[in-house]
Amino acid sequence: MSTSTPAKKEIAAIKGTKDILPGEVGIWQKVEAEAKGLFEFYGYRELRAPVFEATDLFEKGTGETTDIVTKEMYTFTDKGGRSITLRPEYTPSVARAIIEHRLYLQPDPLRFYFIGPMFRYDKPQKGRYRQFHQVDVEVFGEKDPAIDAEIVEMADTLLKNLGVQNAETLVNSVGCRACRPAYSKDLRAHAEKVRDLLCPDCQRKIATNPLRIFDCKVESCREQAARFPKISSYLCRECRDHFTKFCSYLDLFGIPYKVEPNLVRGLDYYTKTTFEIVSSGLGAQNALLGGGRYDDMMKDFGGPDLSAIGFALGMERLISILKIKPEKSKFLYIATLGEAAKTKGIEFARFFRRQGVESLIEFVGRSLKNQMSRANKLGAAWVLIVGEEEIRKGLYQLKDMATGNQNEAKAEDLLKIICDSA
Ligand code: HAM
């Protein structure tokens, strides 16, 4: 019999997912707070939809010819035999919720935001995860190109407030159902001529939706796509006017931008405006956020004919380029020795927390010396020493870790000393 033990398979997170550990979570919280504060300031309110939805919501909404729907959805059949999908994006969920709850009958602006996880089964790499987080913003019922520009300005402000540099705003128009068919027809004809130079996926897209060839990451397809006709020469008068006004409002808002004629975005629902903010600090997956107008989704879902626009920002990508450090809070470490001191320490912890002083007391039976060095290592602002002797005398040692000063004080004076040195 062999004496060697078989190698244990280590437990690990699923490929393409990642833990956000306490050290990093502070940055996430800061970004989330900044985003929420800003959006509320512009009249947006949070709307929380479920993590999973009926699969056909995304088939209909995101679009049958997108990479997301054809290749990337986490879809399963539940015990009731329903086809369920973990949301790959948030936009269709918001449209569904508005229709389901008839939010359009209320006087409030239909402006919403949400921050949460999305799921796409794509090839994991830097900046691309299978579970990732989006900051999502959506507006319904506003047709005017001024909102297109304001939403871009809001995204730009968020990035600036977070100290993002080297970001560039790209804009385009993908037309509408009136003008896009002629473009698709010409695109199809062009793609057909170079069929053999396209990957099998793109060869299929010639028939289904030639616009989706622009999403392909294969180099030879990108080379061909760069030579395809541009949608800008096909826009109808309404779409052209909309785009011109959108650009002039961007000027009014003081947002520099570049017109990128191949920016068709990887989702089928876009009409008129599309935009992305890219950053050179990101590498191959350089889109920090992307969005656009989708004026047909509401009526396609059987709801009222409300135009819409929105964007989503990738949290992982944003955080990877932020230089901010999580803020360390000032806290009190309560070091105790002995059973009576432990009881007293718990009383102190409860008292100080109620007074708004972050307090840490640990129950691992360390020596006083070890507790002191631990408080130091953890970066405590103050250490309160509670031993049998202190309890008997009613006088406690409070050490200010920044100055090294140690005060002996009565219980009732401790709070004042802490607050004065905070
Ligand atoms: P999207 O371009 O598919 O648009 O995604 C928006 C952003 O999410 C991307 O720019 C990127 O930062 C991030 N992202 C996407 N996929 C991944 C991934 N696998 N790993 C990490 N980050 C990722 C949408 O989702 C639309 N719903 C945006 C929108 C809202 N359009 C109108 N309203």
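In listed order, ligands and their atoms are each counted from 1.
- With a 4.5 Å cut-off on side-chain heavy atoms, Y270 and V264 do not count as touching.
- Y333 places none of its side-chain heavy atoms less than 4.5 Å from the side chain of I361.
- Among residues two or more places apart in sequence or in another chain, the salt bridge (Lys or Arg N to Asp or Glu O under 4.0 Å) test is passed with E34 by none.
- Near ligand 1, residues E89, T91, R120, G127, R128, Y129, F132, Q134, D136, E138, R265, L267, Y269, Y270, A287, L288, L289, G290, G291, G292, Y294, G310, F311, A312, G314, R317 come within 4.0 angstrom through at least one heavy atom.
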Which pairs of donor and acceptor atoms, one on a side chain in residues 310-322, lie under 3.5 Å apart (sequence neighbours left out)?
from	atom 1	to	atom 2	distance (Å)
E316	OE1	H133	N	2.9
E316	OE2	H133	N	3.3
E316	OE2	H133	ND1	2.7
R317	NE	G127	O	2.7
R317	NH1	A287	O	2.9
R317	NH2	G127	O	3.0
S320	OG	R317	O	2.7

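- With sequence neighbours excluded, no residue satisfies side-chain hydrogen bond (donor to acceptor under 3.5 Å, both in side chains) with E64.
- Checked against a 6.0 Å centroid threshold, the rings of Y74 and Y121 count as neighbours.
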